[in-house]
Amino acid sequence: MPARFRSTFFGDLDVDVTFDAAIGTMTHFVVGGQADALVRPRSADALSILLRRCHDSKVPCRVLGNGANLLVDDIGVDGIVIKLDHECFKQTRYHKTDRGDALHAMAGADMATTLMETVRHGLEGLTAMAGIPASFGGAIRMNAGGKFGCISDSLETVTCLSSTGELITHEKNSIRFNYRESRIAEPIILSSTFALKECDPIAIRNKVKEIFSWKKSCQPLSDSSAGCAFKNPLLPDGTRMSAGKLIDNAGLKGFSVGGASISNQHANFIITSANATARNVIDLMQTVRERVEDKTQVHLQNEVVIWSRDHEVVR
Ligand SMILES: Cc1cc2nc3c(=O)[nH]c(=O)nc-3n(C[C@H](O)[C@H](O)[C@H](O)COP(=O)(O)OP(=O)(O)OC[C@H]3O[C@@H](n4cnc5c(N)ncnc54)[C@H](O)[C@@H]3O)c2cc1C
């Protein structure tokens, strides 16, 4: 971010700003560098004005959710990183519609907390999100999910802010959701609504427990990681093969670069130790991609989102 902007850019906005903010340590990998500015808006209006200002001044801006699917390069990122962690962006509200129960969740609301809230209320709809660390914004952007379903299953609407700060609401059927991605043109997801179904709270609790235990049995949940590093590649018949199996078959379980290693429990999880750098993760991902491609001719695509000033590393 040009130095001349620093003093004047945020002055009249209702936001908290930290310059040269360590954002890498805010991710689940706990590695990586700084953002020129980390900005925490205190209202949706302030966020809207901020976006417009970035657009007009050509200042790049990104949004950080819970950092559970993100790698920040050691050299950091240019421009501003927005964090929606003011109370106003974390609220959830339950209401009745003519079709049943509904949830309105702001983008910064925590998925795990809200999932447990729905369980207590005996409301089904977010169960597939058990064991997936996320904010609602990050979960919708990534169309988070797995073998039990995905976030878009019970989604009804998504309200976004455009790069010029306008509010736009999309019905679910106007959004293209693909495997681990949603095609939403706007840079910021502000809030979303979900259709929930009344269910026996004990039955939902048991389902959530079952999903948790399944995940615990096959994923290194207590290590620092961003979940699956690579997407499961698509086969010509439309099904997907396990990237973890391909990595395992290439003999890479336990393989490491510096402080980043392939989990022995699940080969698609890259885990970081206290001495890891983001470059260790990037180099390890490159080695995995090359070894799997050499052995199987299958190209692995990143599931992890990588932010860097160096656009070469962002695949
Ligand atoms: C232990 C572990 C297990 C996991 N298991 C799964 C799994 O089973 N299934 C699965 O799908 N994922 C899994 N993940 C990955 C991760 O939990 C999901 O991708 C999650 O949706 C990331 O949400 P987040 O808020 O942390 O987003 P972040 O990681 O902060 O960001 C991810 C992307 O979303 C964008 N984004 C965030 N908030 C917004 C917003 N408000 N508006 C617009 N864009 C936004 C970011 O800019 C970035 O591009 C796992 C991760 C871990 C650490």
Side-chain angles (χ1 to χ4, degrees), residues 23-24 26-30 32 35 38 41 44 47 51 60-72 77 79-86 89-90 105-115 126-153 158-163 168 170 175 177-192 211-212 214-216 218-232 243-244 263 265-266 268-272 302-308 314:
I23 56 159
M26 294 167 74
T27 67
H28 284 232
F29 272 132
V30 208
L38 175 67
L47 173 59
L51 288 172
C61 71
R62 300 170 167 85
V63 56
L64 170 65
N66 280 5
N69 198 52
L70 199 60
L71 178 69
V72 177
V77 292
I80 70 162
V81 168
I82 297 168
K83 178 87 179 146
L84 301 179
D85 59 0
H86 186 277
F89 296 113
K90 290 164 70 175
M106 294 301 290
D110 181 62
M111 186 60 69
T113 312
T114 313
L115 167 63
L126 296 182
T127 319
M129 294 296 105
I132 303 182
S135 63
F136 274 79
I140 293 168
R141 176 64 80 200
M142 298 307 305
N143 191 18
K147 70 179 219 167
F148 301 97
C150 53
I151 187 79
S152 51
D153 293 347
V158 180
T159 297
C160 302
L161 280 170
S162 72
S163 53
I168 296 164
H170 299 287
I175 303 172
F177 287 100
N178 294 328
Y179 167 71
R180 299 297 84 80
E181 68 168 18
S182 56
R183 298 277 170 92
I184 296 175
E186 292 75 30
I188 302 274
I189 293 163
L190 187 63
S191 66
S192 49
I211 298 176
F212 265 125
W214 178 80
K215 292 209 156 206
K216 251 179 121 177
C218 58
Q219 298 179 359
L221 297 186
S222 50
D223 289 312
S224 300
S225 81
C228 289
F230 299 99
K231 293 183 178 177
N232 290 331
S263 163
Q265 200 180 351
H266 190 314
N268 201 9
F269 275 58
I270 290 180
I271 54 180
T272 49
N302 292 356
E303 181 166 325
V304 166
V305 175
I306 302 179
W307 287 354
S308 179
V314 184

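For ligands, and for the atoms within them, numbers begin at 1 and follow the listed sequence.
Every residue was checked against the salt bridge (charged side-chain N to carboxylate O under 4.0 Å, His left out) condition with D153, not counting sequence neighbours, and none meets it. With sequence neighbours excluded, no residue forms a salt bridge (charged side-chain N to carboxylate O under 4.0 Å, His left out) with R180.
Residue pairs meeting the side-chain hydrogen bond (donor to acceptor under 3.5 Å, both in side chains) criterion with at least one partner in residues 62-71, sequence neighbours excluded, are R62-D78, N66-D110.
The aromatic rings of H266 and F269 sit tilted relative to each other, their planes meeting at an angle between 30° and 60°.
Panel note: side chain E303, backbone M142; no donor-acceptor pair is recorded below 3.5 Å.
Between F230 and N302 the shortest heavy-atom distance is CE2-OD1, 3.9 Å.
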Which N/O atoms of ligand 1 sit under 3.5 Å from a protein N/O, and at what distances?
from: ligand 1; atom 1: 8 (O); to: K215; atom 2: NZ; distance (Å): 2.6
from: ligand 1; atom 1: 9 (N); to: G145; atom 2: O; distance (Å): 2.7
from: ligand 1; atom 1: 11 (O); to: G145; atom 2: N; distance (Å): 2.9
from: ligand 1; atom 1: 11 (O); to: G145; atom 2: O; distance (Å): 3.3
from: ligand 1; atom 1: 11 (O); to: R180; atom 2: NE; distance (Å): 3.4
from: ligand 1; atom 1: 17 (O); to: P133; atom 2: O; distance (Å): 2.6
from: ligand 1; atom 1: 21 (O); to: G138; atom 2: O; distance (Å): 3.3
from: ligand 1; atom 1: 21 (O); to: A139; atom 2: N; distance (Å): 3.4
from: ligand 1; atom 1: 25 (O); to: N66; atom 2: N; distance (Å): 2.9
from: ligand 1; atom 1: 25 (O); to: S135; atom 2: N; distance (Å): 2.8
from: ligand 1; atom 1: 25 (O); to: S135; atom 2: OG; distance (Å): 2.6
from: ligand 1; atom 1: 26 (O); to: N66; atom 2: N; distance (Å): 3.2
from: ligand 1; atom 1: 26 (O); to: G67; atom 2: N; distance (Å): 3.1
from: ligand 1; atom 1: 26 (O); to: A68; atom 2: N; distance (Å): 2.8
from: ligand 1; atom 1: 29 (O); to: A68; atom 2: N; distance (Å): 3.1
from: ligand 1; atom 1: 29 (O); to: N69; atom 2: N; distance (Å): 2.8
from: ligand 1; atom 1: 30 (O); to: G65; atom 2: N; distance (Å): 2.8
from: ligand 1; atom 1: 30 (O); to: N66; atom 2: N; distance (Å): 3.4
from: ligand 1; atom 1: 30 (O); to: G67; atom 2: N; distance (Å): 2.8
from: ligand 1; atom 1: 38 (N); to: G138; atom 2: N; distance (Å): 3.3
from: ligand 1; atom 1: 41 (N); to: I189; atom 2: O; distance (Å): 3.1
from: ligand 1; atom 1: 42 (N); to: I189; atom 2: N; distance (Å): 2.8
from: ligand 1; atom 1: 44 (N); to: R141; atom 2: NE; distance (Å): 3.3
from: ligand 1; atom 1: 47 (O); to: V63; atom 2: O; distance (Å): 2.6

